[in-house]
Amino acid sequence: MGNTLSCCVSPGASPTLSGRSGLRGHELRHQERTDAYRVEAELREAESSPGTNLQHISDREAPEDMNFESNPSDHARASTIFLSKSQPDVREKRKSNHINHVSPGQLSKKYSSCSTIFIDDSTVSQPNLKSTIKCVTLAIYYHTKNRDSDRSIDIFDEKMHPLTKEEVPVDYYKRDPEHKHIYRFIRTLFSAAQLTAECAIVTLVYLERLLTYAEIDICPSNWKRIVLGAILLASKVWDDQAVWNVDYCQILKDMTVEDMNEMERQFLELLQFNINVPASVYAKYYFDLRSLADDNNMNFPLEPLSKERAQKLEAISRLCEDKYKDMGKAAIRRTLSADNLIGINRSTAILS
């Protein structure tokens, strides 16, 4: 049924027209049209009333797409939060170097020459573990340092849910963690659980998704538990052999399984159970982490190209070249078949 209602009314069919046989023909037709319009107006009003109006799917998707545009963990075109958080410090550092005429000093980055070729083994599909963890911890450091406020949730408060039996300092919520402290905490978890570099990137995606969805800030009082919850969830979603919560309790010996289970449950609820990480979002976070590394002089390691690695790269390139040749031959065969068909149509008949 469309939005327009076609209603046919006859004197015998409509009860509102009973007793009108005495009306003249044009008056009767006018009354029929008036009744039809009234019925149509009543139906339209009923359709527009709450509870009966069915919203089109495109109307429901539009607000979600607008939210995705402002959420970097869901949309590939939205800028990552950590990169914007780091820009004030980067600009201040560059301004200070310019005013004080500080030279960059000796270049630490390696460059290829005729005798030696350096390659970067860190790629989107296989990032370098140590460098990726350093970049992720630097991103978390800028989150805490340049936070807007101290909004938090009880489940992540280290005072209410301590990770160790050691007494939490009174001014724990005022002590901003240093980069090395964050790196040591994350590195310990990744080494003990044998997690991958890809898991570190997904951890950062979940962390920023939590801050956006729950509208909280990562601050001195909650950064450890937020990072732990993001790592715990990322390891289960990303790695094939997931680490159980009880395994993390072997690393953090003073933490109970019940506490970790409750933190994981609330973390998922705050994410609205959205644990999907599109490939475009993952790639955006990887390259933004590399940009963060360049801005802070944290270059990814370059290794000299060995003979064995060169042979592997040559073999891979040969396979790709053969694959493209086969595809080209198949395309040529399809083209020739069409040419032959045209040739047959244009061939002249020979009569004997």
Side-chain angles (χ1 to χ4, degrees), residues 72-73 80-83 85-86 108-110 117-144 163 177-210 218 223-245 247-248 250-252 275 277-306 308-310 312-313 316:
S73 63
T80 52
I81 303 176
F82 70 85
L83 199 59
K85 293 283 187 182
S86 66
S108 59
K109 188 175 181 179
K110 300 176 182 179
I117 298 177
F118 293 98
I119 60 173
D120 184 357
D121 280 341
S122 182
T123 61
V124 177
S125 59
Q126 293 182 342
N128 180 271
L129 177 60
K130 185 177 181 180
S131 299
T132 302
I133 293 178
K134 282 186 176 181
C135 292
V136 169
T137 55
L138 186 61
I140 297 173
Y141 166 76
Y142 280 123
H143 263 291
T144 57
L163 298 178
E178 297 182 6
H179 178 219
K180 61 181 181 180
H181 293 156
I182 302 175
Y183 174 77
R184 191 179 302 120
F185 179 76
I186 296 179
R187 181 67 179 178
T188 301
L189 293 175
F190 269 72
S191 299
Q194 297 182 355
L195 302 179
T196 60
E198 298 88 345
C199 185
I201 298 176
V202 177
T203 296
L204 186 58
V205 175
Y206 287 158
L207 186 145
E208 292 203 341
R209 186 172 296 177
L210 174 73
I218 185 167
W223 73 268
K224 283 186 179 180
R225 291 183 63 87
I226 288 180
V227 170
L228 176 61
I231 292 176
L232 188 149
L233 189 58
S235 64
K236 291 185 177 181
V237 174
W238 188 263
D239 289 345
D240 294 333
Q241 296 180 350
V243 183
W244 290 19
N245 291 0
D247 296 327
Y248 285 101
Q250 299 296 325
I251 306 172
L252 303 170
I275 58 176
V277 180
S280 56
V281 172
Y282 174 89
K284 176 189 65 178
Y285 272 80
Y286 169 79
F287 287 112
D288 281 0
L289 285 171
R290 294 202 64 136
S291 299
L292 183 67
D294 291 338
D295 292 339
N296 291 269
N297 298 324
M298 293 173 53
N299 298 318
F300 278 63
L302 295 175
E303 300 294 337
L305 180 63
S306 61
E308 292 78 10
R309 183 65 187 276
K312 289 182 180 179
L313 293 176
I316 293 174

**Student:** Would you name the heavy atoms of Ser73 and Val281 that are closest together and state the gap between them?
**Tutor:** O-CG1, 3.7 Å
**Student:** Tell me every residue that passes side chain to side chain contact (heavy atoms under 4.5 Å, CB included) with Ser280, counting only those two or more places apart in sequence or in another chain.
**Tutor:** Ala76, Pro278
**Student:** Other residues, nucleotides and ligands only: do more than 12 of their heavy atoms fall within 6.0 Å of NZ on Lys130?
**Tutor:** no
**Student:** What is the distance from atom CG of Leu204 to atom CD1 of Ile186, rounded to the nearest 0.5 Å?
**Tutor:** 9.0 Å
**Student:** Measuring from atom CG of Asp295 to atom OH of Tyr142, what distance do you get when rounded to the nearest 0.5 angstrom?
**Tutor:** 8.0 Å
**Student:** Got a second to check how far Ser86's OG is from Tyr141's OH, nearest 0.5 Å?
**Tutor:** 11.5 Å
**Student:** Let me see the working for Leu195 and Leu189 under side-chain contact (heavy atoms from CB on, under 4.5 Å), right down to the final yes or no.
**Tutor:** CA-CA 8 Å; Leu195 302 179; Leu189 293 175; 5.7 Å; no
**Student:** Compare every heavy atom of Cys135 with every heavy atom of Leu292, then report the nearest pair and how far apart it is.
**Tutor:** CD2-O, 3.7 Å
**Student:** If you measure from NZ on Lys180 to CG on Leu138, what distance do you get to the nearest 0.5 Å?
**Tutor:** 15.0 Å
**Student:** Run the side-chain contact (heavy atoms from CB on, under 4.5 Å) test on Asn245 and Lys236 for me, step by step, so that the C-alpha distance in whole Å, both residues' side-chain angles and the decisive distance to 0.1 Å come before the verdict.
**Tutor:** CA-CA 10 Å; Asn245 291 0; Lys236 291 185 177 181; 2.9 Å; yes
**Student:** Any chance you could measure Leu207, atom CG, to His143, atom NE2, to the nearest 0.5 Å?
**Tutor:** 6.0 Å
**Student:** For Tyr286 and Ile201, which heavy atoms make the closest approach, and how far apart are they?
**Tutor:** CD1-CD1, 3.9 Å
**Student:** To the nearest 0.5 Å, how far apart are SG in Cys199 and CG in Leu129?
**Tutor:** 10.0 Å
**Student:** Taking the side chain as every heavy atom from C-beta outward, state whether Leu210 and Ile218 have any atom pair closer than 4.5 Å.
**Tutor:** no
**Student:** Please walk me through it: do Val237 and Val202 pass side-chain contact (heavy atoms from CB on, under 4.5 Å)?
**Tutor:** CA-CA 9 Å; Val237 174; Val202 177; 5.7 Å; no
**Student:** Does the side chain of Thr203 come within less than 4.5 Å of Trp238's, by heavy atoms?
**Tutor:** no
**Student:** Please report the closest heavy-atom contact between Leu232 and Tyr248, naming both atoms and the distance.
**Tutor:** CA-OH, 4.0 Å
**Student:** Is there a donor-acceptor pair under 3.5 Å between the side chain of Tyr206 and the backbone N or O of Ile275?
**Tutor:** yes
**Student:** Looking at every heavy atom in both Pro72 and Glu208, which two are closest together, and how far apart are they?
**Tutor:** CG-OE1, 3.8 Å
**Student:** Mind telling me whether Phe185 and Trp223 have parallel, tilted or perpendicular rings, with 30° and 60° as the class edges?
**Tutor:** perpendicular
**Student:** Locate the shortest heavy-atom distance separating Leu289 from Ala139; write the atom from each residue and the value.
**Tutor:** CD2-CB, 4.4 Å
**Student:** Compare all side-chain heavy atoms of Val136 with those of Phe82 and state whether any distance is below 4.5 angstrom.
**Tutor:** no
**Student:** Is there a side-chain contact between Ile133 and Tyr183 (heavy atoms, below 4.5 Å)?
**Tutor:** yes
